[in-house]
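Written below as structure tokens is the structure these notes are about.
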2 protein chains.
Amino acid sequence: MTNPETRLRPPTVCQEHGAENEFVRGLLGRIGDKWSLMIIGALHEGPLRFSALQHMIGGISQRMLTLNLRQLERDGLITRTVYAEVPPRVEYELTDLGHGLLVPALAMVNWAADNAGRIRKYREVYDAEQAADG
Amino acid sequence: MTNPETRLRPPTVCQEHGAENEFVRGLLGRIGDKWSLMIIGALHEGPLRFSALQHMIGGISQRMLTLNLRQLERDGLITRTVYAEVPPRVEYELTDLGHGLLVPALAMVNWAADNAGRIRKYREVYDAEQAADG
DNA sequence: CTGTATCCAAACGGATACTG
DNA sequence: CAGTATCCGTTTGGATACAG
């Protein structure tokens, strides 16, 4: 068994139990998910309805959008409001908690967008080296 | 002048160039991965060897650590240095590019750690409501 | 329009055994 | 020590059909 004392500690937090760290890791996997980040980012300017989200994100299936929205709602990051209209309208909006995540999330999205070209180059070099001699 | 805080970029979520956006999304999935974030975070103070990383992160299998390190190396985020010693020593270190990612990455890790308790509560409430009436 | 349900293929990821 | 290779169950995610 690994020694809990030497495990990674996020700077601002001192975890007392390994289980707590596992929860945080699971949380990271959830909010760090590409779809979650895109959804959070898409909602930064205000509420959007289901179809608008799907169209704006582009490339996400109906199923995945639904699943991700449910997760984000469960985690208290977004709210889901159903308007009794015909045709039905459902709007998703960031909560205060979701707004807090918006800052780091957009930082990630922007970083990815800013460095996409550079990373593509790195991959090409790496792959070329692998093909050359391994 | 332009406010850095409001340097939000609609084009990121509006897919005008599908291929480029898909690359960025894939990139987000990669660097947003829980293991990648943990690894980046673990390396923030300096180089670490394989076993130190595995021990520090805690809960990651040898296989997953290897795979993630290879990907991060391929993306130019970390370097892998092999020292010809007995026993062999391999050290991983952030590149400048990796250091740039460190800021958003740590923001994500810290946010997750800071809000873990709150989110746990939200989940309990949500699950209770689901169990109650669905 | 906004989902839910089902099928199915691909990717993820742990456990284990083995290598230089 | 730092991997690689393999097996194999679990999870992800698209496609499709159907429902409120």
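So you know, we letter chains A, B, ... as the sequences are listed, proteins then strands, and number each from 1. Computed from a predicted structure; not experimentally measured.
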Please state how far atom [atom1] in [X] lies from atom [atom2] in [N], giving the value in whole angstrom units.
{"X": "A:Gln54", "N": "D:dG14", "atom1": "CD", "atom2": "C1'", "value": "12 Å"}
{"X": "B:Leu69", "N": "D:dG3", "atom1": "CG", "atom2": "P", "value": "7 Å"}
{"X": "B:Glu91", "N": "D:dG3", "atom1": "CD", "atom2": "C1'", "value": "16 Å"}
{"X": "B:Leu65", "N": "D:dA5", "atom1": "CG", "atom2": "P", "value": "17 Å"}

If you assign each of A:Gly59 and A:Pro88 to its closest nucleotide in DNA chain D, which residue comes earlier from the 5' end?
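First, find each residue's nearest nucleotide; the 5'-ward one identifies A:Gly59.
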Set of residues satisfying side-chain hydrogen bond (donor to acceptor under 3.5 Å, both in side chains) with respect to [X], sequence neighbours excluded:
{"X": "A:Asn68", "answer": "A:Ser36"}
{"X": "A:Arg74", "answer": "B:Asp127"}
{"X": "B:Arg123", "answer": "A:Asp75"}
{"X": "B:Arg120", "answer": "A:Glu20"}

Run the side-chain contact (heavy atoms from CB on, under 4.5 Å) test against [X] and tell me which residues pass, sequence neighbours left out.
{"X": "A:Arg63", "value": "A:Ser61, A:Leu67"}
{"X": "A:Val86", "value": "none"}
{"X": "B:Glu45", "value": "none"}
{"X": "A:Ala52", "value": "A:Leu48, A:Arg49"}

Stems for DNA chain D (at least 3 consecutive Watson-Crick or G-U pairs, under 3.5 Å) come to C:1-20 with D:1-20
Polar atoms only, N or O, under 3.5 Å: list the protein pairs with nucleotides 10-13 of chain D and their distances.
from   : atom 1 : to      : atom 2 : distance (Å)
D:dG13 : N7     : A:Arg63 : NE     : 3.4
D:dG13 : N7     : A:Arg63 : NH2    : 2.6

Search all heavy atoms of A:Ala105 against all heavy atoms of A:Ile40 and return the closest pair with its distance.
CB-CG2, 4.1 Å
Nearest heavy atoms of B:Leu94 and B:His44, plus distance in Å:
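Nearest pair, atom of B:Leu94 first, then B:His44: CD1-CA, 4.2 Å.
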Does B:Glu91 have any salt bridge (charged side-chain N to carboxylate O under 4.0 Å, His left out) partners at least two apart in sequence or in another chain, and if so, which?
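Only B:Arg89 meet the salt bridge (charged side-chain N to carboxylate O under 4.0 Å, His left out) criterion with B:Glu91.
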Which nucleotide span of DNA chain C, 5' end to 3' end, has atoms closer than 4.0 Å to non-hydrogen atoms of chain B?
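Range of nucleotides touched by chain B: C:dG13 to C:dG20.
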How is A:Tyr92 classified with respect to the nucleic acid when contacts are heavy atoms under 4.0 Å: base, sugar-phosphate, or nothing?
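Here A:Tyr92 touches the backbone only, sparing every base.
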Across the strands shown, which category fits A:Gln62 at heavy-atom distances under 4.0 angstrom: base, sugar-phosphate, nothing?
base
